[in-house]
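Note that the numbering runs from 1 along the sequence shown for the chain. For ligands, and for the atoms within them, numbers begin at 1 and follow the listed sequence.
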Amino acid sequence: MTEIMQVQNLVKRYGALAATNDLNMTLRAGELHGVIGPNGAGKTTFIHQLAGEVMPDQGRIFLDGIDITGSSVDERALNGIGRSYQITSVFKDFSVLENVMLAVQARQGSSFRFWSTASRDKRLSEPAHEALCQVQLSHAAQRRAGALGYGEMRQLEIAMTLAMQPRVLLLDEPMAGMSQQESARLVDLLHRLKGQYSIVLVEHDMDAVFALADRITVLLYGTAIACDTPQAIQTNQEVKSAYLGDDDDEF
Ligand SMILES: Nc1ncnc2c1ncn2[C@@H]1O[C@H](COP(=O)(O)OP(=O)(O)OP(=O)(O)O)[C@@H](O)[C@H]1O
């Protein structure tokens, strides 16, 4: 399997604290790669660095073998790195469809400037409908985004990310705050997206990560202490003692 991203020796310091510390990881094309670790292990800082929101102090990030360490968030998005939108970036008074259309427009950039309104609308609405279909939110296309339930709002965020036509999807705790039913629906959705996209999933819901991931990287104090299949991670002694405190029941 080819590697779509490589992360080499990533370091991000906040004062004396190294949030990521010599962190190495590879993302294979089409895999769902779970990233787990205790609170403060550096998971979110890692995702921020992959997305370009935080610049590392040391280390390199490669996409398709090209060094993107110094690229901005926008450049990375145009090169296919999709960072899940946050609820804060949803326009609550716009319809669900309009929000996704805005994401399509962001992807298409200024190429629509000279087009007629009708053709522009179609060029925006068709991929937007497609993205909503992918996350099974088509039924809510005309609803006001602000009227969506919490789980549906997260589905909308993913639709907006998919509308950017990413190859790599970065998902930072997509199940946070969800009910059991909403989480189960999101697990189903990620199962469907698996293989179509290369996905990095940071998630505290261990059942979800172990059910979904092809491989899991375990972070501890900003360093990857293990990277393996869920089955191997489950029985990895270093992971057990360092991350789970030797408690077999945790898995
Ligand atoms: N902007 C910042 N300024 C100072 N310290 C920070 C900053 N961002 C993160 N940190 C620190 O870096 C460490 C790693 O934080 P990070 O949020 O990446 O961990 P995490 O694994 O995502 O944690 P959690 O599971 O609790 O979300 C923590 O000790 C955190 O306090």
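- Atom 17 (O) of ligand 1 has its closest protein heavy atom at T44 CB, 3.8 Å.
- If you check which protein heavy atom lies closest to atom 18 (O) of ligand 1, you get T45 OG1, 2.5 Å.
- For the pair E157 and R154, the salt-bridge criterion is met [side-chain N within less than 4.0 Å of a carboxylate O].
- Note: no N/O pair closer than 3.5 Å links G37 and ligand 1 by distance alone.
- Here the heavy atom of the protein found nearest to atom 11 (C) of ligand 1 is L17 CD2, 3.4 Å.
- When only non-hydrogen protein atoms are considered, atom 20 (P) of ligand 1 lies nearest to K43 N, 3.5 Å.
- Side-chain contact, T20 with Q49: a donor N or O sits under 3.5 Å from an acceptor N or O.
- Put simply, atom 31 (O) of ligand 1 has no protein non-hydrogen atoms near it, under 4.0 Å away.
- Just one residue in the list K12, K43, R83 forms a side chain to side chain donor-acceptor pair (under 3.5 Å) with H48, and that residue is R83.
- Around atom OH of Y221, no more than 12 heavy atoms belonging to other residues, nucleotides or ligands sit under 6.0 Å away.
- No continuous path of hydrophobic side-chain contacts links V73 to L102 [ILVMFWY only; heavy atoms under 4.5 Å].
- Hydrophobic clustering, with ILVMFWY side chains joined whenever heavy atoms are under 4.5 angstrom apart, groups V135 together with Y150.
- For E173, the heavy-atom gap to ligand 1 drops under 4.0 angstrom.
- Here the heavy atom of the protein found nearest to atom 7 (C) of ligand 1 is Y14 CE1, 3.3 Å.
- Nearest protein heavy-atom contact of atom 14 (C) of ligand 1 is G40 O, 3.4 Å.
- In summary, D228 and R215 do not engage in a salt bridge, as defined by a charged side-chain N under 4.0 Å from a carboxylate O.
- Of all protein heavy atoms, the one lying nearest to atom 26 (O) of ligand 1 is N39 OD1, 3.3 Å.
- Checked against a 3.5 angstrom limit, the closest N/O atoms of G42 and ligand 1 fall inside it.
- No hydrogens or angles considered: nothing links the side chains of Q155 and E152 as a donor-acceptor pair under 3.5 Å.
- Each of the atoms 24 (P), 25 (O) of ligand 1 lies under 4.0 Å from some heavy atom of H204.
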